[in-house]
Engineer: 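Would you mind keeping the following structure in view while I ask a few things?
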Amino acid sequence: MSENSSGGPVSNSTVSNSSGSNTSGSSGSVLAVAVGAPILVAALLGAIAPALDPAASALLLVLVIVAVTLRGDWLADLLAVLASAAGFDFFLTAPVHSLKIGSVPEIEVTVAMLLVGAAIGALSMWARSRDAAAIQRSDYLAEISRAASSHPSAASVAAALAKVLGADDGEWIEGTPPPGDALVSAPDTMVISGARSDPSRTGLPTDRFICFPAGTGYVRVSAGSKVVIPAPDQLRAACLMASRIVG
């Protein structure tokens with residue numbers, strides 16, 4: 001770990017949110033299905049069942065939206081909702097093969113489909129975020145369990161703590177932290193030169209070390225290569241891991 005002339009880490013920062021919320025977007029194939037599937041279904045319904053009630057057709061398109069939300073992300077969900085509405089208007093409402101809608105009931109069905117589709121997409125996003133958060137918590141608990149088992153060394157706990165935070169590296173040092181370093185005394189409290197802040201809101205500093213009290217010393221963490229914004233669960237896990245060091 002490199003240090004500058006003042007003892008702090010050398011910063012070459014990129015932004016990184018460590019809460020686990022930055023998931024990869026949908027692939028091109030998923031986005032293509034999100035757009036193509038509703039339009040294809042609407043075209044087939046218009047060709048084979050032109051007399052089908054518009055409400056029934058809209059319900060079938062809502063089922064397509066549900067299928068897309070099982071595999072996509074927010075962008076795929078949005079595209080599926082918009083493509084369903086466009087396909088419904090173009091193939092299943094009079095005048096056919098036009099985005100104009102000639103009757104008030106069909107306008108109402110279109111608006112209802114948009115609202116229901118948007119609600120399904122929002123619920124799907126919420127469920128995915130909850131699943132991601134649960135997986136992250138499981139990972140943190142696993143790290144804590146490994147840190148607490150088999151009497152691990154202070155060095156191994158420090159390295160695991162840095163991993164939980166998404167920081168560069170960590171090491172345990174005997175003694176008290178230098179006054180210029182950031183001291184995380186609680187999951188929601190970071191003190192730098194007497195000024196308090198919540199690291200889950202401000203992120204970890206890149207121009208100095210971050211210290212967690214641990215036994216007769218402290219775990220010194222570096223985040224000089226990126227801006228780390230840890231989630232509250234990560235900070236709770238890190239503080240708990242530091243408290244396991246008795247050296």
Engineer: Under a 4.5 Å side-chain heavy-atom rule over Ile, Leu, Val, Met, Phe, Trp and Tyr, are Leu70 and Val33 clustered together?
Structural biologist: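 They do not share one cluster, since no chain of ILVMFWY contacts under 4.5 Å joins Leu70 to Val33.
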
Engineer: Leu115 and Ile101: same hydrophobic cluster, using ILVMFWY side-chain contacts below 4.5 Å?
Structural biologist: yes

Engineer: Mind listing the closest non-hydrogen atom pair of Glu174 and Thr216 along with its distance?
Structural biologist: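 In terms of heavy atoms, the two residues are closest at OE2-OG1, 3.0 Å.
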
Engineer: For residues 97-110, which residue pairs pass the side chain to side chain donor-acceptor pair (under 3.5 Å) check, not counting sequence neighbours?
Structural biologist: Asp89-Thr110, Ser103-Glu106

Engineer: Any donor and acceptor pair, going by atom type alone, linking the side chain of Arg71 with main-chain N or O of Val30 inside 3.5 Å?
Structural biologist: no

Engineer: Which atom pairs, one a donor and one an acceptor, fall under 3.5 Å between side chains of residues 35-63 and the rest of the protein, sequence neighbours left out?
Structural biologist:
{"unit_1": "Asp53", "atom_1": "OD2", "unit_2": "Ala55", "atom_2": "N", "d": "3.0"}
{"unit_1": "Ser57", "atom_1": "OG", "unit_2": "Asp53", "atom_2": "O", "d": "3.4"}

Engineer: Quick one: does Thr189's side chain have a donor or acceptor within less than 3.5 Å of a partner on Ser185's backbone?
Structural biologist: no

Engineer: I need the minimum non-hydrogen distance between Ala238 and Leu161, along with the two atoms involved.
Structural biologist: O-CD1, 3.2 Å

Engineer: State the CZ-CD1 distance between Arg220 and Ile173, to the nearest 0.5 angstrom.
Structural biologist: 4.0 Å

Engineer: Using every non-hydrogen atom in the two residues, find where Met190 and Pro205 come nearest and quote the distance to one decimal.
Structural biologist: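 That would be SD-CD, 3.7 Å.
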
Engineer: Is there a side-chain contact between Val221 and Cys211, using heavy atoms and a 4.5 Å cut-off?
Structural biologist: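 No, too far: nothing below the 4.5 Å cut-off.
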
Engineer: At their closest point, which heavy atom of Val219 faces which heavy atom of Ala214, and how far apart are they?
Structural biologist: CG2-CB, 4.0 Å

Engineer: Out of curiosity, Ser222 OG to Asp169 CG, how far, rounded to the nearest 0.5 Å?
Structural biologist: 5.5 Å

Engineer: Just how far is it from atom CG of Asp188 to atom OG of Ser200, taken to the nearest 0.5 Å?
Structural biologist: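 OG of Ser200 is found 7.5 Å from CG of Asp188.
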
Engineer: Linking I/L/V/M/F/W/Y whenever their side-chain heavy atoms sit closer than 4.5 Å, directly or via other members, would Ile192 and Val228 fall into one cluster?
Structural biologist: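 Yes, Ile192 connects to Val228 through the hydrophobic network.
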
Engineer: Going through the checks in order, is the side-chain contact (heavy atoms from CB on, under 4.5 Å) test met by Val96 and Phe91?
Structural biologist: CA-CA 5 Å; Val96 179; Phe91 293 105; 5.6 Å; no

Engineer: Pair Phe212, Leu165 - check side-chain contact (heavy atoms from CB on, under 4.5 Å), show working.
Structural biologist: CA-CA 12 Å; Phe212 293 78; Leu165 289 176; 3.6 Å; yes

Engineer: Going only through I, L, V, M, F, W and Y residues with side-chain contacts under 4.5 Å, is there a path from Met125 to Leu78?
Structural biologist: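 They do share one cluster, since a chain of ILVMFWY contacts under 4.5 Å joins Met125 to Leu78.
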
Engineer: To the nearest 0.5 angstrom, please state how far the CG atom of Leu99 sits from the CZ atom of Phe88.
Structural biologist: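 Answer rounded to 0.5 Å: 12.5 Å.
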
Engineer: Using the rule that two of Ile, Leu, Val, Met, Phe, Trp, Tyr join whenever any of their side-chain heavy atoms come within less than 4.5 Å, decide whether Tyr218 and Leu204 are in one cluster.
Structural biologist: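 Looking at the clustering, Leu204 is in a separate group from Tyr218.
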
Engineer: Got a second to check how far Ile65's CD1 is from Ser124's OG, nearest 0.5 Å?
Structural biologist: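 Rounded to the nearest 0.5 Å, the CD1-OG separation comes to 11.5 Å.
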
Engineer: Walk me through it: do Val184 and Ile210 pass the test side-chain contact (heavy atoms from CB on, under 4.5 Å)?
Structural biologist: CA-CA 7 Å; Val184 180; Ile210 306 99; 3.5 Å; yes

Engineer: Using the side-chain contact (heavy atoms from CB on, under 4.5 Å) rule, pick out the option among Asp77, Thr69, Val81 that qualifies with Ile120.
Structural biologist: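 Considering Asp77, Thr69, Val81, a side-chain contact (heavy atoms from CB on, under 4.5 Å) with Ile120 is found only for Thr69.
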
Engineer: Tell me the closest heavy-atom pair linking Met241 and Val157, and the distance in Å.
Structural biologist: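 Heavy atoms of Met241 and Val157 come nearest at O-CG1, 3.5 Å.
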
Engineer: Can you give me the closest heavy-atom contact between Cys239 and Pro187, atom names plus distance?
Structural biologist: SG-N, 3.7 Å

Engineer: Can a donor-acceptor pair be found, under 3.5 Å and without considering hydrogens, that links the side chain of Lys226 to the backbone of Gly166?
Structural biologist: yes

Engineer: How long is the straight-line distance from CG of Leu82 back to CG of Leu114, given to the nearest 0.5 Å?
Structural biologist: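 It is 7.0 Å, given to the nearest 0.5 Å.
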
